[in-house]
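Take a look at the structure below.
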Amino acid sequence: MKSMRHKWLWLFTVSFYPSLVFGEIPTFTIEIRDHLFYPSLVIIPANTKVKLIIVNKDASAEEFESYELNREKIIMGGAKANIFIGPLAPGDYPFFGEFFPKTAQGLVRVEP
Amino acid sequence: MLGAVILVLREVLEAALIISLLLALTHQLNKKSSWLVPAFIGGFSGSGLLAHYAYPLADAYDGTGQEWMNTGLFMVVIVSAVIISVLLVLRTFSIFSMERERAESFILQTSKQMPSLLFGFLCALAVSCAIAREGSEIWIYLASFINQPELVYPALLGGAIGAGIGLSLGALAYYFFLFMPIKIFLPTFVVTTLLIVGGLAMQIAKELMQIGVLNGGQPMWDSSWLINERSLWGELLYALLGYEAKPTGVQGFFYALAIAPVIGACAWGIVRKKKRPGSHEKTRHE
């Protein structure tokens, strides 16, 4: 009975996390310092699922937001967060920090 | 300061529409609105807890805790609103073939048979989860200014203005719903609920794509030319109904899934009416 349950759990995990269990996901790290993104330009491959790691070095929280990427996530001060994006068509996808939008601006460029 | 006004306004509007809609329904059905007290207490304490435990929450489940929590809160709002709407549609569909006075007395009679405790519980659940989610984001936002004394005052003032505008619009929406005749209010309620739960379901899909559980893929369409998400209307529609200019197929599927039960109930109402034509005519002449 127990092994049966494990089997289902395994099946569930495999079917739900295919890209996490198999395939390598390209990862890019962006830092937030003094309400600015470093680097502010991230170039990623087209039609590929990509993982962004946002490291917030500021003491204050920030919200990573992008209309074009359709993403929105709070990153607490001193913490880091993972955000998966794509697969995307080639083009420019701006993002910004919603809490400090004047300074925190960046761009994801998708190249073929 | 303007940034704070807009951010807080956006969060308050999302919760205010749900509160106005359910409160108007409560009064239209002549039910007690005492569920509002536990809803507010639960919502505010919930928002405080979510903001206080934001760090461990964000780290939970390999850094996906925030998304799973949002998914859970959205789910509760969706399920509560859908149950209320389905019950409402099934019990009151027949009023559309009635005259106004008879429809009103029928509603009063029907609402007496509706279980008050369940109704109040579902309303309280939906409202407290909506307040908890939106509120926690406001607390985290305002707390991020604590380290910068020169920015605290404008942020608090902006937040207060944003909350004021949001609550005023919510009150306006409430009276707008309240003064509708019941035959207009009920369809308005059902359609608005469909739009709200559909929008929330799309947000669930977004949360799951964000943590890589679901794959994004290409958008189904791009309606930026019609309503840009950055425009005032785009922002307003996003806050109220979860509008997105470029939704993906997965989001469309979640949308359809969320609205299906209520659409099904409406379809069943139509079928039932067709099967027994004139059944209400009979009762009217009795």
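Just the heavy atoms: all of them, side chains too, but no hydrogens, waters or symmetry mates, feed the values below. Numbers restart at 1 for each chain; the letters A, B, ... are given by sequence-line order, proteins then strands.
Using a 4.5 Å heavy-atom threshold, the side chains of A/Phe99 and B/Ile140 count as touching.
Both the backbone and the side chain of A/Lys73 come within less than 4.5 Å of a heavy atom of chain B. Within the 4.5 angstrom heavy-atom criterion, no atom of B/Ile146 approaches chain A. Neither the backbone nor the side chain of B/Glu207 comes within contact range of chain A; no heavy atom of the residue lies under 4.5 Å from a heavy atom of that chain. Within the 4.5 angstrom heavy-atom criterion, no atom of A/Pro101 approaches chain B. In this structure, chain B has a heavy atom under 4.5 Å from the backbone of A/Leu88, while its side chain stays farther away. When heavy atoms are compared at a cutoff of 4.5 Å, B/Gln66 approaches chain A solely by way of its side chain, counted from C-beta outward. In this structure, no portion of A/Ala81 lies under 4.5 Å from any heavy atom of chain B. Residue contact with chain B, scored on non-hydrogen atoms closer than 4.5 Å, involves the side chain of A/Asn47 exclusively. For A/Glu72, the parts lying near chain B are the backbone and the side chain together; criterion is any non-hydrogen pair under 4.5 Å. For a residue to count as touching a neighbouring chain, one of its non-hydrogen atoms must lie under 4.5 Å from one of that chain's; by this rule B/Gln148 touches chain A with the side chain only. For a residue to count as touching a neighbouring chain, one of its non-hydrogen atoms must lie under 4.5 Å from one of that chain's; by this rule B/Glu244 touches chain A with the side chain only.
Top candidate by heavy-atom pairs under 4.5 Å with chain A, chosen from B/Gln251, B/Met209, B/Lys246, is B/Met209. Counting heavy-atom pairs closer than 4.5 Å to chain A, the top residue among B/Thr248, B/Thr64, B/Asp62, B/Leu7 is B/Leu7. Chosen from A/Ile75, A/Asn82, A/Asn70, A/Ile83, the residue pairing most often with chain B at heavy-atom distances under 4.5 Å is A/Asn70.
Between B/Arg10 and B/Glu235, at least one side-chain nitrogen of the basic residue sits less than 4.0 Å from a carboxylate oxygen of the acidic one, meeting the salt-bridge criterion. Between B/Arg230 and A/Glu68 there is a salt bridge, with a side-chain nitrogen of the basic residue lying less than 4.0 Å from a carboxylate oxygen of the acidic one.
B/Ser231 places no side-chain N or O within donor-acceptor distance of the main-chain N or O of B/Ile227, the cut-off being under 3.5 Å. Here the side chain of A/Thr27 pairs a donor or acceptor atom with the backbone of A/Ile25 at under 3.5 angstrom. Of the possible donor and acceptor atoms, none in the side chain of B/Ser80 sits under 3.5 Å from a partner among the backbone N and O of B/Leu125. A donor-acceptor pair under 3.5 Å is formed between the side chain of A/Thr48 and the backbone N or O of A/Ala46.
Figure legend: A/Lys51 and A/Phe28 shown without cation-pi pairing, the cationic atom not lying both under 6.0 angstrom from the six-membered ring centre and within 45 degrees of its axis.
In this structure, A/Phe37 has its ring center under 6.0 Å from that of A/Phe95.
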